[in-house]
Number of protein chains: 2
Amino acid sequence: MKLTIKDIAKMAGVSVSSVSRVINNSKPVNDEIRERVEKVIQETNFRPNALARGLIHKSTNLIGVIIPQVNSVSAHLINGIEEVAARNGYHIILSNSGSDTEQELKALDIFAERQVDGIILSSVDITEQHVQQMNRNKVPLVVVGQKTTEYGIPWVDVDNYQPVAEVVRYLVRCGHERIGMIYGPLQDQSAGLSRYQAFLDEMARKQLPIDPAHLVESRFTTKGGYEAMESLLRNESVPTALVCASDIIAIGAKNCAEDRGYLIPEDMSIVGFDDIELAALVRPQLTTVQVNIERMGTRSMEILLQTIEEQQLHTMEHYVDYRLMVRDSVKTIRKR
Amino acid sequence: MKLTIKDIAKMAGVSVSSVSRVINNSKPVNDEIRERVEKVIQETNFRPNALARGLIHKSTNLIGVIIPQVNSVSAHLINGIEEVAARNGYHIILSNSGSDTEQELKALDIFAERQVDGIILSSVDITEQHVQQMNRNKVPLVVVGQKTTEYGIPWVDVDNYQPVAEVVRYLVRCGHERIGMIYGPLQDQSAGLSRYQAFLDEMARKQLPIDPAHLVESRFTTKGGYEAMESLLRNESVPTALVCASDIIAIGAKNCAEDRGYLIPEDMSIVGFDDIELAALVRPQLTTVQVNIERMGTRSMEILLQTIEEQQLHTMEHYVDYRLMVRDSVKTIRKR
DNA sequence: CTGAAAGCGCTAACAA
DNA sequence: TTGTTAGCGCTTTCAG
C-alpha cells in the first residue's frame, strides 16, 4: 500500500494541511512541527502523488513532443528540448508520428487529454486541421521545422533558403557552372521545397542554365541518395558539382558515385546539408551547411516556456543559425 | 474554461455517471442516452482528464525511460520502446541522466512521484543504491545494458562476451596473430569490461601473445578512437588486426590510421561493434558485430509490460541476438 | 438501466 | 500558526 499525505499526518501527529505546508513551503509552519513532519517523510521516503497535485494546479509540468521518428537528427532536437525542460522542472513525453498526419492529430488529442502544459510538434506538413484541433484544446504549441506564421503558431526552423543560395554562390566562386541538385520531397515545405526553390532561384540569378537531367528528387535516406545518383549518372553529361538536400542524401550519392568509379571531389563535387556527425567522418570529409539542431530544440522549448508562463508571446518566429562548413568534397576548378 | 464531465452531463441532460459509462463502455447504457451523450461529446470535442482517471485507477499508462543521453544509438532503443508502448496504449516519458548516478537516482524518484506504471533504465553501472531505491517505491523496472540478475531485476542486454570471442576467432581464421584491441572504459560492465575480458580470454585460448602496447583504452567516441590509434601507432610494432569496442571507436581509429598513411585493411584490419548505420557507409565498409538495439527496446518494453500486467515475471534475463557482419575492413592473410 | 454520493490524494480557502 | 473542509475531474459503489 502506498503512503498518502494522510498517513504522514497521522504518523507525525499533525493535520494533513501542515504536511502539505512543509512539503510545499507554502505557508509558515512551526519549527517543531516542520521537523516532526520532515523526519517522517525522510523515514518513509514519502513522495506526494503528482497526479493529485496536477489535478488541483491544472498543470502537469509535462511537455508533449511529437516527432516523425527518433533518429540521429531528432536525437539532437530531443536533447535540446529535454535539457531546457529539465532545467525548468518539466519532463517530456514522446510520441512518434511516423510522419503520418493522422497520427499527429491523434497525438495532439491524447496529449491534451493528458493535460500536458505544452506541445512541441516537429512536422513537415502542418495542415489547417492541425491548427483547428490545437485551437480547440487550447494547449500552447510550438512547431519545429516549418514556418507557421500564417496560422499564428510560433515556430523554430533553419532558414532553408539562404544557405542553399550561399552554397550555389560558393560553388560558382569555385568555378563550377554545370551544377545539379538532388532535392528532397517537395511536400516537405522546409527541407524539401525551400531548398529546391533556393537552388533554382540562385542558379537563375547567376544566369546559369540547369540541365533538367541534373535535377533528381530523393527521399531523405542514403538509399534514396544512392539511387538518385544512379539515375543522374545514366546521362551522358554529368554536373561538375552537386548540391544535396541533406548529408544523408549526399553520402548515399557519394557512395554510388565512388562505386561507379568516380572520384570525389576530383570528378564531381558534392555538398550536403545538416552537418550530421557522419559528415566529418566520411572521407573525403563532406562540405556542408551546419545546422545546430540541438539549438532548435532549446529554442523551441524556451519559446514554449515563454508562452506557457506569460500566456502571450513576443517572438512568433525564430531562425536558428547556420554556417557553411567548407571541407574536402568540393574541388576548386578556378578562383573567380 | 475547459469542459468537464459535469458540463457534458448537463448539456446532455443526464447524470455524470451515465456520461462516464458511455465514455468507458463500462456498463450497459440505454441507446437513447448513449446517443445524446455521444452527440454532445462530438460537438464539444470533449476529452476526459487523464489525471483524474489516473488518480482513481492508480495507473497512468506512462513509462519512465532513463537514458544517459539521446544519441544515435539510444535513438534506436527509444524507438523500440516507444513502438511497443504505443501499441499498448502507453506513452514514454524521458529523462537524460548524463550517465550520472545522482541524476539516475533522482529520476527514479521523480518518476515514482509521477506515478509511472514502469521504468526502463539504461545504465552502465547499476549500484546497490539504485536497487534499494527501487525496492522502496515499488515500481516495476527493467534494466537495459547491464546484467542485474543478482539484484533480482529483469534485464535486457547483448551478450558482450561471445561476439568478441567470435571476432577474435574470425581474425585468427583470417590468419592474424598479432591482434590488438581498443577497449572501452572498464567501469562499463557490459560494453567495457565484458568485451575486454572476452578478448583477453579468447587470445589466451588461442595461445596468442598480446603486446601490452597493443591494448589501449578509449572512451566511446570517435575522438577517443582517433587518439587511441595515435598512441598505438607510436609503437615500433603495430598489430595486423585491431578489435574495437565499438564502431564509433573503430571509425575514429580508422580515420587516424588513414591520416597517418596506413591503408585499411591492407596495412591493418579493423573490426567494430554495434553495426551503426555509419558502419556500412564508410569506406572500406566496416566489418563489425551487428546488434539489434531496437530489438533491445522492444524486448525490454515487452518484459516490462509483462511484469506490470502479471505482477510477476518468468524471464528475468534476456540476450538479444547478434551477428558478425563481414564487410571490407578485414584482410585475409591466409586461410586456416 | 440510471442517478446520487463517496472518494482517489492533494491543496487552499476558511475558521479557530 | 494550525486544523477542518470543500473541492480538482473522474469512476464506482449503492440504492432506486
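Just so we're on the same page: letters track the sequence lines, and every chain starts at 1. Keep in mind that what you see is a predicted model, and the values were worked out from it rather than measured.
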Worksheet entry | Residues forming a side-chain hydrogen bond (donor to acceptor under 3.5 Å, both in side chains) with A:Asn49, sequence neighbours excluded | none
Practice prompt. Quick one: sort the B:Phe111 and A:His91 rings into parallel, tilted or perpendicular, breaks at 30° and 60°.
Written response: tilted
Practice prompt. Grab the CG-P distance between B:Asn49 and C:dG9 for me, whole Å please.
Written response: 16 Å
Worksheet item: Does anything in residues 105-117 of chain A reach DNA chain D, meaning a heavy atom under 4.0 Å, and if so which residues?
Response: none
Discussion item. Rounded to whole Å, please give me the gap between CG in A:Leu3 and P in C:dC8.
Written reply: 14 Å
Item to complete: Report the residue from B:Lys147, B:Arg295, B:Arg299 that forms a salt bridge (charged side-chain N to carboxylate O under 4.0 Å, His left out) with B:Asp157.
Response: B:Lys147
Response to the item:
A:Leu55 CG to D:dG9 C1', in whole Å, measures 5 Å
Worksheet item: When every nucleotide of nucleotides 11-16 of chain D is labelled 5' to 3' by its protein contacts under 4.0 Å (heavy atoms), B for base, S for sugar-phosphate only, - for none, what sequence of letters results?
Response: SBB---
Worksheet entry | A:Arg36 side chain vs A:Ala12 backbone, donor-acceptor pair below 3.5 Å | yes
Worksheet item: Hey, are B:Asp100 and B:Ser97 close enough side-chain-wise for a donor-acceptor pair under 3.5 Å?
Response: no
Worksheet item: Contact class for A:Leu51 vs. all strands (heavy atom < 4.0 Å): base, sugar-phosphate, or nothing?
Response: nothing
Worksheet item: Would B:His130 and B:Tyr151 count as a close aromatic pair, with their ring centres under 6.0 Å?
Response: no
Worksheet item: Taking CZ from A:Arg34 and P from D:dG3, how many angstroms apart are they, rounded to a whole number?
Response: 14 Å
Discussion item. Any side-chain N or O of A:Thr4 below 4.0 angstrom from OP1/OP2 of C:dG9?
Written reply: no
Worksheet item: Taking OP1 and OP2 of D:dT2, is either one under 4.0 Å from a side-chain nitrogen or oxygen of A:Ser18?
Response: no
Item to complete: Ignoring backbone atoms, establish whether B:Lys58 has a side-chain N or O less than 4.0 Å from OP1 or OP2 of C:dG9.
Response: yes
Discussion item. Rounded to whole Å, please give me the gap between CZ in B:Arg36 and P in C:dT2.
Written reply: 9 Å
Worksheet item: Between C:dT11 atom C1' and A:Asn25 atom CG, what is the distance in whole Å?
Response: 15 Å
Worksheet entry | Backbone N/O of B:Gln189 and side chain of B:Ser194: donor-acceptor pair under 3.5 Å | yes
Discussion item. For the residue pair B:Asn45 / A:Asn137, report whether a side-chain donor-acceptor contact shorter than 3.5 Å exists.
Written reply: no
Worksheet item: Judged by modelled atom types alone, do B:Asn292 and B:Asp321 share a side-chain donor-acceptor pair under 3.5 Å?
Response: no
Worksheet item: Quick one: B:Glu35 CD to C:dT2 P, roughly how many Å, whole number?
Response: 12 Å
